[in-house]
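The analysis underlying the following values was restricted to heavy atoms, covering all of them including side chains, and did not include hydrogens, waters or symmetry mates. Keep in mind the model is a prediction, meaning the values are calculated, not measured.
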Amino acid sequence: MEFVHKSVLFDEAIDSLNIDKNKIILDGTAGGGGHSKEISKRAKLLIAVDQDPDAIEVLNERLGNLNNVRIVQNNFENIKDILSELGIEKIDGVLLDLGVSSFQLDTAERGFSYHSDAPLDMRMSKSGLSAKDVVNTYSKEELIDILYKYGEEKFAPRIAQHIVEERKINPIETTAQLVEIIKKSYPKKAMRDSHPARKTFQAIRIEVNAELDRLSKTLDDALECLNSGGRISVITFHSLEDRIVKDRFAKWENPCTCPKEFPVCVCGKKPLGKRPFKSKAPSEAELKENPRARSSRLRCFEKI
């Protein structure tokens with residue numbers, strides 16, 4: 001299987017984990033093994049996790065023969081269970097490269113891309129709730145909610161109304177059908193800025209895979225699993241997930257809840273760690289090589 005994925009912010013992400021031969025690192029979104037392969041060269045043990053069965057097949061082909069690698073098919077939100085099953089109490093680093101991979105986008109039949117006609121799917125794990133289920137069974141109000149919340153789509157009511165009208169006539173089963181409905185819902189002037197389906201597809205994908213809920217839980221659980229000095233590094237691709245990571249890291253660094261006018265802290269809440277840097281964006285050279293990296297951001301937190 002050809003699982004091609006250009007790892008975004010590759011050097012920055014690897015360096016941020018501060019890896020050495022005494023450390024155990026968990027790559028929660030191992031994908032095609034881009035980051036994982038480099039981590040395996042530097043770490044005592046790599047735990048390569050992915051929920052996508054296609055990714056697991058490729059990881060076994062590429063890294064399965066390495067003695068210091070454990071490959072696990074699971075969702076990174078289950079980090080505590082994953083470590084428990086491996087008999088590992090604490091680790092020294094966690095990497096999360098969020099969003100949909102290039103392989104998933106470019107494999108038309110997975111239904112992630114609005115550029116190809118394919119069955120409406122979008123399931124990273126290939127199981128459970130699908131995009132087809134969301135589009136054909138959610139109420140108009142539920143559709144509006146997820147389009148606003150996860151896509152920040154200002155034309156959400158019009159898109160939801162047209163979806164509901166269309167599915168009364170025929171089930172909406174393909175990406176091309178959904179794209180046409182979205183285009184019908186968009187004013188011509190607004191279609192000049194970017195592809196009209198981008199925000200809707202993002203919103204549905206996040207809903208299908210419960211991405212933001214899982215991210216929030218995983219950050220808290222990952223911090224508990226870290227040794228002192230361990231680091232969490234997260235690559236985000238849109239403002240919603242980046243805001244969760246940014247706010248969580250800032251809160252961990254400064255958990256004080258005292259009113260600003262208090263001269264000294266009396267709440268007693270101590271910092272849980274520090275941010276080695278606020279954020280990093282791709283270089284111009286990387287953007288020329290990989291335009292999909294444009295919206296990516298890397299953030300890191302070190303536990304104390």
| said: Treating Asn209 as the side-chain partner and Met122 as the backbone partner, does any N or O pair qualify as donor plus acceptor under 3.5 Å? | reply: yes
| Ignoring hydrogens and geometry, is there a side-chain-to-backbone donor-acceptor pair from Asp92 to Ile24 under 3.5 Å? | yes
| field | Short side-chain to backbone donor-acceptor contact, Gln202 and Tyr150, under 3.5 Å | value | yes
| query | Can a cation-pi geometry be assigned to Lys280 and Phe277, taking NZ or CZ under 6.0 Å from the six-membered ring centre and within 45° of the ring axis? | reply | yes
| query | Would you say the side chains of Ser130 and Asp133 form a donor-acceptor pair under 3.5 Å? | reply | yes
| request: Enter the distance from Thr200:OG1 to Tyr114:OH here, rounded to the nearest 0.5 Å. | output: 10.5 Å
| message | Go through it in stages, so that I can follow the logic: the residues are Val135 and Arg167, the test is side chain to side chain contact (heavy atoms under 4.5 Å, CB included), and I'd like the CA-CA distance, side-chain angles, deciding distance and then a yes or no. | response | CA-CA 8 Å; Val135 169; Arg167 72 190 189 192; 5.8 Å; no
| said: Quick check for you: to the nearest 0.5 Å, what is the distance between Leu26 atom CG and Leu86 atom CG? | reply: 8.5 Å
| query | Are Leu17 and Ile39 close enough that some pair of their side-chain heavy atoms sits under 4.5 Å apart? | reply | yes
| said: Are more than 12 heavy atoms, taken from residues, nucleotides or ligands other than Lys189, located less than 6.0 Å from that residue's NZ atom? | reply: no
| message | Can you confirm whether Lys274 is buried at NZ, in the sense that more than 12 heavy atoms of other residues, nucleotides or ligands lie under 6.0 Å from that atom? | response | no
| Ile144 versus Glu142: any side-chain heavy-atom pair under 4.5 Å? | no
| Is there a side chain to side chain donor-acceptor pair (under 3.5 Å) between Arg243 and Thr236 once you walk through the steps? | CA-CA 9 Å; Arg243 196 175 304 137; Thr236 63; over 6 Å; no
| Test item: Ser279 side-chain N/O and Arg299 main-chain N/O as donor-acceptor pair under 3.5 Å | no
| query | Is atom NZ of Lys217 surrounded by more than 12 heavy atoms (other residues, nucleotides or ligands) closer than 6.0 Å? | reply | yes
| said: Quick check: Phe155 with Tyr186 (ring centres under 6.0 Å apart)? | reply: yes
| said: Within a 6.0 Å radius of atom NZ on Lys37, are there more than 12 heavy atoms belonging to other residues, nucleotides or ligands? | reply: no
| remark: One should read off an interatomic distance between Phe249 CZ and Lys278 NZ, to the nearest 0.5 angstrom, of 13.0 Å
| query | Are any of the side-chain nitrogens in Asp54 or Lys126 under 4.0 Å away from the carboxylate oxygens of its partner? | reply | yes
| Do Glu224 and Lys80 sit within salt-bridge range, that is, some charged N less than 4.0 Å from a carboxylate O? | yes
| query | Got a donor-acceptor contact below 3.5 angstrom from the Ser185 side chain to the Ile181 backbone? | reply | yes
| request: Taking all non-hydrogen atoms of both residues into account, name the closest pair between Leu95 and Ala13 and its distance. | output: CD1-CB, 4.2 Å
| Side-chain heavy atoms of Phe76 within contact of Asp221, under 4.5 Å | no
| Run the side chain to side chain contact (heavy atoms under 4.5 Å, CB included) check on Ile304 and Leu272 step by step: do they pass? | CA-CA 6 Å; Ile304 58 173; Leu272 302 176; 5.8 Å; no
| With a 3.5 Å cut-off and no angle check, do the side chains of Ser36 and Asp27 form a donor-acceptor pair? | yes
| query | Which heavy atom in Ala131 sits nearest to a heavy atom in Val208, and how many Å separate them? | reply | N-CG2, 3.5 Å
| query | Gln104 and Asp52: side-chain donor and acceptor closer than 3.5 Å? | reply | yes
| task | Give the minimum heavy-atom separation between Cys300 and Ser233, together with the two atoms involved. | result | SG-OG, 3.5 Å
| message | Whether the side chain of Arg123 engages the backbone of Gly128 through a donor-acceptor N/O pair (distance < 3.5 Å, no angle test) should be reported. | response | yes
| remark: Separation between OG1 (Thr29) and CG (Asp97), nearest 0.5 Å, reads 4.5 Å
| task | Dump the intermediate steps for side chain to side chain contact (heavy atoms under 4.5 Å, CB included) on Lys251 and Lys246, then the final yes or no. | result | CA-CA 9 Å; Lys251 182 179 179 181; Lys246 177 184 176 181; over 6 Å; no
| task | Ignoring hydrogens and angles, state whether a donor on the side chain of Glu173 or Gln177 is under 3.5 Å from an acceptor on the partner side chain. | result | no
| request: Kindly indicate whether the side chain of Phe112, heavy atoms from C-beta on, has any atom under 4.5 Å from the side chain of Met124. | output: yes
| message | Ignoring hydrogens and geometry beyond distance, is a side-chain donor-acceptor pair present between Tyr138 and Glu207 at under 3.5 Å? | response | yes
| Does Ser113 reach the main-chain N or O of His115 with its side chain, forming a donor-acceptor pair under 3.5 Å? | yes
| Taking 4.0 angstrom as the limit, do Lys199 and Glu153 come out as a salt bridge? | no
| message | Please evaluate residues Glu211 and Leu98 with respect to the criterion side chain to side chain contact (heavy atoms under 4.5 Å, CB included), reporting the C-alpha separation (whole Å), side-chain torsions for both, the decisive distance (0.1 Å), and the verdict. | response | CA-CA 9 Å; Glu211 293 176 34; Leu98 302 177; over 6 Å; no
| Audit row: Lys44, Asp20, salt bridge (Lys or Arg N to Asp or Glu O under 4.0 Å) steps and yes/no | CA-CA 7 Å; Lys44 175 184 178 182; Asp20 63 45; over 6 Å; no
| query | Would a 4.5 Å heavy-atom cut-off, applied to side chains only, mark Pro276 and Phe301 as touching? | reply | no
| field | Value rounded to 0.5 Å, distance of CD1 in Ile91 from CG in Asn227 | value | 8.5 Å
| Which heavy atom of Gly93 sits nearest a heavy atom of Leu226, and at what distance? | N-CD2, 3.7 Å
| Ser283 side chain vs Glu286 backbone, donor-acceptor pair below 3.5 Å | yes
| Close side-chain approach of Ile56 and Val72, heavy atoms under 4.5 Å | no
| query | Below 4.0 angstrom, N of the basic side chain to O of the carboxylate: do Glu38 and Arg42 qualify? | reply | yes
| task | Indicate if Leu287 and Leu9 have the same hydrophobic cluster label, given that clusters are the connected sets of ILVMFWY residues with side-chain heavy-atom separations under 4.5 angstrom. | result | no
| For Lys303, does its backbone N or O pair with a side-chain atom of Arg231 as donor and acceptor, under 3.5 Å? | no
| field | Taking every non-hydrogen atom, the tightest pair across Glu109 and Ala118 | value | CA-CB, 4.0 Å
| Is a side-chain N or O of Thr175 found less than 3.5 angstrom from the main chain of Ser116, in a donor-acceptor match? | yes
| query | So how far is it from Arg275 CZ to Glu253 CD, rounded to the nearest 0.5 Å? | reply | 4.0 Å
| message | With a 4.0 Å cut-off on N to O distance, would you call Asp145 and Lys149 a salt bridge? | response | yes
| request: Verify the neighbour count for atom NZ of Lys184: are there more than 12 heavy atoms of other residues, nucleotides or ligands below 6.0 Å? | output: yes
| message | Side-chain heavy atoms nearer than 4.5 Å, only ILVMFWY residues, links allowed to pass through others: does that put Tyr148 and Ile159 together? | response | no
| query | Looking only at heavy atoms, what is the nearest atom pair of His35 and Val8, with distance? | reply | NE2-O, 3.5 Å
| message | Could you see if Leu129 belongs to whatever hydrophobic cluster contains Ile206? Use Ile, Leu, Val, Met, Phe, Trp, Tyr and a side-chain cutoff under 4.5 Å. | response | yes
| Heavy-atom distance under 4.5 Å between the side chains of Leu143 and Ile163, does that happen here? | yes
| Would a 4.5 Å heavy-atom cut-off, applied to side chains only, mark Leu120 and Val134 as touching? | no
